Every structure is written in structure tokens, then in C-alpha cells.
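Heavy-atom basis, side chains included; hydrogens, waters and symmetry copies ignored. Just so we're clear, the structure is a prediction, and the values are computed from it rather than from any experiment.
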Amino acid sequence: AARCARWVCTAAERRPWRLFGAMCLLRLPRVTQEMEKEEEEVAALMAQVRGEQEKSCYSDHEIRKLEEEEQLKKRKESLYDDDEGSGKTLIMAQDLEDKWEQKLLQFKAAPRITDADKNNNRTSLDRKLDSNLMLLVKQKIGNQELWLLPQVEWQPGETLRSTAERAMATFLGDHVQAKILGNAPYGIYKYKFPKAIRTEDNVGAKVFFFKAFLQSSDLSRAEPKADHLWVTKNELGDYLKSEYLKKVNRFLLDL
């Protein structure tokens, strides 16, 4: 029993794998994606079906407009009692339609293609408005500088989630507003250190990935403290190593 207790204590102290928490911080799409040809055809068909259905059932506004037109017709024919309409609103359905029409004519949609898109500025959040964007930072791992999700090493007393939150705060500061999704990691990346530096007590590292949605697009007070990029899922292959990319793609959805 004493030998077993000593073994458990020694195994707990050794920790041959270094643990890291990483945060997959996503900026969600701001506009809808443009429809494909098949989607446009279905949308046109549904609009036609709705149009046929609407002919058989008037909305409250259309009923009000018909009633007002009938009242105007009676007034012109001197069959309408002016006292009957006293106290009612003077804003008629047609007036509302004219007001709505003016607002529509004044409306100008914001461009889908931004200056950041035109200049291929991948450090800006103001790009690829119809896609998810993921934060990558450049970190020094051994003798290499690699593009990774923000990560830091686990410290005793922390949960893995709090380690991932600390990773996000380390690179973006405490001002960033983000919604963390759950307490369990979405994925894990495990690798061994080069044989030259690998020891029995220092075999390699395990990186646990968590996810969060960016809730504020204003990062003026939270400028990343390292080289950073905001990239789409299709652009990840330009920066991440293949094995690392495989693990990330398993939990990353581009809706």
C-alpha cells in the first residue's frame, strides 16, 4: 500500500505532457450570403406561391384601405355623414403607404464589399461580412514562429476553460466581449517534442480548444498584442500546419 501511494504521488507530480488552453474566437457573419442560382429559383417560386395566397386573404392594412376608399366614394356621392367620421385619425392608409414609399426610396444598402476586402487586409474585422472570421495570432513555439489560435499554458488551480479565457485576454486584453460556449473543450491537438529536447518528464504538449463568439466588433481598446489575422475557414490553410488544421476543422463550422 505504501509503494502504491508513493507511485500515485510521483505520477501526479511528473506530468510528462504540458497542457495548453486555446481559444477559437469567431466573429459571426454580419450579412447573409448571396443566394446560389438554385436558391434564387426556389425563392422566386415561394414568392409566387405567397402572392397567390395573399390574394385570397387581405391583411389588416389592406382591409383598412378598402374601407377608407369606400368612405371616400360615399363622401363624393354625398352619401357619407361627416359626423360619422369625427374624432378618427386623419392619417389614412394611403398616407402611410406614401410615407413608406419615401423611406424606401431614401434607403441605400451598405456595400457588401468593403475597403478591407478590396485591399485584402486580413488584420481587419471589416471584411468577409457574409462569413465567419477566426482570430489567429503569431506565437513563438521553440525556435519557430507559428500562426495558431491564441493559447497559453495551463497553470495549477485553473480549469482548462479559464486557461483558454486567459489566452484570449493575453492577446486582446480584458476589454473584449465574447460569449464562451460551454465548459468542455471542442477538440484537442497532441504532439511530441523533437527527440533532441524530449525527456521522460517532458514528452510533448496537449492543446485543448474552446470556442467563443465575439460580441463586440469595436476592438479599438483591445488591439491584439501580437501579429494577428482575422481569416475565414477557407483561408486557414494559408497559415496553419496540416495536422493542426485537421484538428481545428473538426469543430469549425462555416455557416
Heavy-atom side-chain proximity of M168 to I180 below 4.5 angstrom: yes
With side chain to side chain contact (heavy atoms under 4.5 Å, CB included) as the test, would you mind laying out the steps for L26 and K179 before giving the verdict? CA-CA 10 Å; L26 296 171; K179 181 177 179 60; over 6 Å; no
Among residues at least two apart in sequence or on other chains, which ones pass side-chain hydrogen bond (donor to acceptor under 3.5 Å, both in side chains) with Y239? R122
Taking the six-membered ring for Trp, are Y186 and F251 parallel (under 30°), tilted (30 to 60°) or perpendicular (over 60°)? tilted
Show the nearest heavy-atom pair for residues L125 and L133, with the distance to one decimal. O-CD1, 3.9 Å
From R27 atom CZ to W230 atom CH2, the distance as rounded to the nearest 0.5 Å: 8.5 Å
Are E235 and M134 close enough, and set up right, to give a side chain to side chain contact (heavy atoms under 4.5 Å, CB included), and what steps lead you there? CA-CA 10 Å; E235 296 168 343; M134 180 192 297; over 6 Å; no
Can you tell me how far the CH2 atom of W147 sits from the NZ atom of K138, to the nearest 0.5 Å? 5.0 Å
Restricting to non-hydrogen atoms, name the atom on K247 and the atom on I188 that form the minimum distance, rounded to 0.1 Å. CD-O, 3.6 Å
Run the salt-bridge test on E243 and K246 with the 4.0 Å N-O cut-off and return the result as yes or no. yes
For the residue pair K65 and M92, establish whether any side-chain heavy-atom pair is separated by less than 4.5 Å. no
Between atom CG of L149 and atom CG of L136, what is the distance when rounded to the nearest 0.5 Å? 6.0 Å
Side-chain touch M23/F171, heavy atoms, less than 4.5 angstrom: no
Under 4.5 Å side-chain linkage, directly or through intermediates, the cluster mates of L129: V31
Side-chain touch R127/N121, heavy atoms, less than 4.5 angstrom: no
Ignoring hydrogens, what is the shortest heavy-atom contact between E153 and R166? Give both atom names and the distance. O-NH2, 2.6 Å
Please answer: with hydrophobic residues joined when any side-chain heavy atoms are less than 4.5 Å apart, are V248 and Y189 in the same cluster? yes
Does atom CG of N119 have more than 12 heavy-atom neighbours, drawn from other residues, nucleotides or ligands, at distances under 6.0 Å? yes
Membership question, hydrophobic clusters at under 4.5 Å side-chain separation (ILVMFWY): are L252 and V231 in the same one? yes
Is it the case that one hydrophobic cluster holds both L148 and F193, taking links as side-chain heavy atoms less than 4.5 Å apart, direct or via other members? yes
N/O donor-acceptor pair under 3.5 Å between N202 side chain and T199 backbone: no
Could you verify whether a donor N or O on one side chain and an acceptor N or O on the other, from D117 and T114, lie under 3.5 Å apart? yes
Salt bridge (charged side-chain N to carboxylate O under 4.0 Å, His left out), that's the test. Do E68 and K73 meet it? Break it down for me. CA-CA 9 Å; E68 289 176 352; K73 181 179 179 182; over 6 Å; no
Does Q215 reach the side chain of V176, with side-chain heavy atoms less than 4.5 Å apart? no
pair K190-W17: side-chain heavy atoms closer than 4.5 Å: yes
In terms of hydrophobic clustering (I, L, V, M, F, W, Y; side-chain heavy atoms under 4.5 Å; direct or indirect links), are Y191 and Y244 co-clustered? yes
Would you call E69 and K74 a salt bridge, taking side-chain N to carboxylate O under 4.0 Å as the test? no
Please test Q139 against L146 for side chain to side chain contact (heavy atoms under 4.5 Å, CB included), starting from the C-alpha separation and ending with a verdict. CA-CA 5 Å; Q139 295 183 251; L146 302 175; over 6 Å; no
Heavy-atom pair with the smallest gap, counting every atom of L25 and L214: CD1-N, 3.8 Å
Under a 4.5 Å cut-off applied to non-hydrogen side-chain atoms, are F210 and L181 in contact? no
Within this structure, what is the CZ-NZ distance for the pair R112 and K128, rounded to the nearest 0.5 Å? 11.5 Å
Considering only heavy atoms from C-beta outward, does the side chain of E36 approach that of E40 to under 4.5 Å? no
Distance, nearest 0.5 Å, that separates OG1 of T123 from NE2 of H228: 5.0 Å
Smallest heavy-atom separation, G21 atom then T163 atom, equals N-CG2, 3.6 Å
State yes or no: are the ring centers of H61 and W100 separated by less than 6.0 Å? yes
With the 4.5 Å side-chain cut-off for hydrophobic clustering, are V207 and L236 part of the same group? yes
Got a second to check how far F213's CZ is from L28's CG, nearest 0.5 Å? 5.0 Å
Any carboxylate oxygen within less than 4.0 angstrom of a Lys/Arg side-chain nitrogen, looking at R30 and D126? yes
Looking at S131 and T232, what are the two nearest heavy atoms and their distance? CB-CG2, 4.1 Å
Do D98 and Q94 have a side chain donor and acceptor closer than 3.5 Å? yes
Using the side chain to side chain contact (heavy atoms under 4.5 Å, CB included) rule, take V137 and Q151 through it: C-alpha gap first, then chi angles, then the decisive distance, then the call. CA-CA 9 Å; V137 295; Q151 69 176 45; over 6 Å; no
Check whether the ring centres of F20 and F209 lie less than 6.0 Å apart, and answer yes or no. no
